[in-house]
Amino acid sequence: MCLGYTLGVKMAELQIRKKEKKSGDGIGTMVDFLLANARLVLGVGGAAMLGIATLAVKRLIDRATSTPSDKEAEEKAEQKSIEESWKEAVLKKASPTLRRKEDLEHHCAPLSLPDPSQKMPEATGTSQVKASDEIKKIPICFTLQERLLNYHTHHASVPEVQMEEARQLVLDIKKELQEFLHAKHPEMPFLALHLGGSFGNRLPMSCLDHACLIMPLVLEPDLWCVIPGQKTILSDPNFCMVKRIDLEYTSRGSSPWDRFLVGAYLSSRTMVQSLHKTIVGSINWPAIGTVLDCTIKPDITSDELKLEVVHPNGHMIIRILPMAVIKDADLLAHCCATAPAENLWQRSFYKKEVSRLQELDSSDSGIRLKCLQILKGICRDCPSLCHLNSTHLRHILLHLSTESSDWTETALADRFLQVLEELIGYLDKGFLPSYFNDKLNLFSSLKAEDIEELGYGLYQVFSEPDDVLKRER
């Protein structure tokens, strides 16, 4: 009915213009009157059909009473008006919502350049050159593949120079912290602090707002053993405990770590609290910051060991992670306020995760790490995805690598959407198994509302990826 109404109105307007031009034509006036009042009798749809039918009759009458030149001009005007009417009616009839698959090839509209025939306003040479440079810098993308590559280049990758400057700053802070701990606690066999995360592996980074320092604690294998989470009172495979053994043969104090014992277990909370007091109250961070041309403040409110660093190029949070090393196991101290016990340690598979991804990419020239960068950038840009961390993303990519064999750059868009789809599926189950131990649920720390928020955010990115990929950094 909307289509018929639009066409009927356009036809009526056309006839009124003719009426003004040919006011002396009696037959034309009668037809105009009939057409103008047809809606009252026949309705909107009938008026449209009547307009089309009477047009043919009136065209014969007009041809008989008009000169040849007038006939040509009127026929062209009529044809143009009818074509415009149909175009406008069809556009109004069409649904404003387009399906994602149909819109996939239009993820980025081309730039509209000014018409050369139009005169441009006068401008200074500097502003003209600046505007020209801005236009050249704006990429023109059309497909999801091109959008993802553009996002990776301009939004999810930190320039190498900036990355090296930030890395050197963290190394300088690490050196100062290392020297102080050795001087303050010479009896504690801390191994040398080292960079963790992407800085440590020299992986490409999507942002420079965080870093971590690993503080290794080497435990004597004949005095300590790891109790799997399933065998503890919590019966949680995500956490384990470190137990002191042979106390009847080796007295308490035989190990330098015995000072952190609670019962027969190494207390992660006691250790972190002791280090927190040292880092917050004993180190002269303002003086160190002055030497390194930055401001360093320890986070006194957090249960974790964190330093807030403000430097000329931005802001950074450095986390200090005590890690117990027993044989081939890396155990991170878990001491958050919500922890059910004070002697929990969490197994870290970070080295294996990164090593496996690098190995897979090297074997098939894959883009797993590039896809990881893009996903980390999107999680940073979308507040609804803040609960999705790098560990989740690495394990999803590893799981998907066993299912999909094509990880070349031409398949980036397909793999990207597949990762989102897999994440939504795991969230629906509420269980993301670790790639190295399928009994571990990496979603165990998420609440029901967190899972719901993540699922909604991922579905939005999956259905309309352009809304995220076109955001400014």
Side-chain angles (χ1 to χ4, degrees), residues 152 156-160 162-164 166-168 170-171 174 191-216 238 316-334 345-380 385 387-405 407-409 412 415-416 418-419 422-423 426 432-438 440-443 445:
H152 174 265
S157 295
V158 176
E160 186 68 24
Q162 295 181 17
M163 184 173 167
E164 281 302 316
R167 186 175 186 275
Q168 186 58 50
V170 178
L171 285 173
K174 175 193 76 71
L191 285 184
L193 292 170
H194 63 265
L195 289 177
S198 298
F199 275 131
N201 294 93
R202 291 187 175 275
L203 294 175
M205 299 181 67
S206 60
C207 61
L208 296 175
D209 59 356
H210 66 279
C212 67
L213 292 174
I214 304 298
M215 181 184 291
N238 292 282
M316 181 188 298
I317 299 293
I318 301 178
R319 299 174 63 204
I320 303 169
L321 305 176
M323 184 174 69
V325 181
I326 303 180
K327 297 181 180 179
D328 61 342
D330 296 337
L331 308 175
L332 294 176
H334 184 77
W345 298 80
Q346 190 168 17
R347 181 79 181 268
S348 173
F349 295 100
Y350 177 79
K351 292 180 182 177
K352 291 183 177 181
E353 294 162 12
V354 174
S355 176
R356 181 59 178 159
L357 286 173
Q358 290 176 324
E359 179 185 337
L360 290 171
D361 274 355
S362 299
S363 64
D364 59 7
S365 302
I367 42 82
R368 295 169 185 83
L369 291 174
K370 181 179 290 188
C371 189
L372 175 64
Q373 264 188 278
I374 294 172
L375 290 166
K376 287 168 67 174
I378 290 175
C379 291
R380 180 194 66 226
L385 302 180
H387 297 291
L388 205 61
N389 58 41
S390 300
T391 301
H392 298 143
L393 298 176
R394 287 192 295 269
H395 282 261
I396 281 288
L397 288 168
L398 288 171
H399 284 305
L400 200 55
S401 295
T402 62
E403 302 174 11
S404 303
S405 57
W407 284 90
T408 57
E409 189 170 282
L412 176 60
R415 296 292 80 81
F416 172 77
Q418 193 174 2
V419 168
E422 289 291 313
L423 275 170
Y426 283 120
L432 173 59
S434 167
Y435 179 77
F436 300 100
N437 185 350
D438 57 7
L440 301 182
N441 179 16
L442 301 180
F443 284 158
S445 61

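For reference, positions follow the sequence shown, starting with 1.
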Report task. With sequence neighbours excluded, give me every ring-ring contact (aromatic ring centres under 6.0 Å, His included) pair touching residues 354-377. Result -> none
Requested in this report: Could I get the full list of side-chain contact (heavy atoms from CB on, under 4.5 Å) partners for Thr408, not counting sequence neighbours?
Outcome: Asp406, Thr410, Ala411
Query raised in the report: From Ile367 CD1 over to Leu372 CG, what is the distance, rounded to the nearest 0.5 angstrom?
Result: 11.0 Å
Query raised in the report: Looking at side-chain heavy atoms only, is the closest gap between Val354 and Leu357 below 4.5 Å?
Result: no
Query raised in the report: Taking the side chain from Arg356 and the backbone from Tyr435, do they hold a donor-acceptor pair closer than 3.5 Å?
Result: no
**Report entry** Any donor-acceptor pair under 3.5 Å from His392 side chain to Phe443 backbone
**Finding:** no
Report summary line: Rounding to 0.5 Å, atoms CZ (Phe349) and CG (Leu440) come to a distance of 5.5 Å
Query raised in the report: Can you check whether Met316 reaches Asp209 side chain to side chain, under 4.5 Å on heavy atoms?
Result: no
Query raised in the report: Which value, rounded to the nearest 0.5 Å, describes the distance between Lys376 atom NZ and Cys207 atom SG?
Result: 7.5 Å
Report task. Return the minimal non-hydrogen interatomic distance between Ala192 and Pro216, and the atom names on each side. Result -> O-CD, 3.7 Å
**Report entry** Inter-residue atom distance Ser390.OG - His395.NE2, 0.5 Å rounding
**Finding:** 11.0 Å
Requested in this report: List the atom of Asn389, the atom of Thr391, and the distance in Å for their closest heavy-atom pair.
Outcome: OD1-N, 3.1 Å
**Report entry** Leu360 side chain near Trp407 side chain, heavy-atom distance below 4.5 Å
**Finding:** no
Report task. Please check if the side chain of Asp330 supplies one atom and the backbone of Val325 the other of a donor-acceptor pair under 3.5 Å. Result -> no
Query - Spacing of OG belonging to Ser434 relative to CZ belonging to Arg394, to within rounding of 0.5 Å - result: 11.0 Å
Requested in this report: Could you pull out the closest heavy-atom pair between Asp364 and Ser405, with the gap in Å?
Outcome: OD2-O, 4.2 Å
Query - Arg319 CZ: over 12 foreign heavy atoms closer than 6.0 Å - result: no
**Report entry** Closest heavy-atom pair and its distance - Gln346, Asn238
**Finding:** CG-O, 3.6 Å
Query - Under 3.5 Å donor-acceptor, His399 side chain and Ile396 backbone - result: no
Query - Min side-chain heavy-atom separation Leu331-Arg347 under 4.5 Å - result: yes
Query - Closest contact, heavy atoms only, Leu400 versus Gln418 - result: CD1-NE2, 3.4 Å
Query raised in the report: So, Gln373 side chain and Ala156 main chain: donor-acceptor pair closer than 3.5 Å or not?
Result: yes
Enumerate donor-acceptor pairs with a distance under 3.5 Å from any side-chain N or O in residues 194-205 to protein atoms, sequence neighbours excluded.
residue : atom : partner : partner atom : Å
Asn201  : OD1  : Tyr350  : OH           : 3.1
Arg202  : NH1  : Glu164  : OE2          : 2.8

Requested in this report: Nearest 0.5 Å please: distance from the CG atom of Leu375 over to the CG atom of Leu397.
Outcome: 6.5 Å
Query raised in the report: If only atom types and distance count, is the side chain of Asp361 paired as donor or acceptor with the main-chain N or O of Arg368 below 3.5 Å?
Result: yes
Report summary line: Tightest non-hydrogen contact, residues Cys371 and Leu412, listed as CB-CD1, 4.3 Å
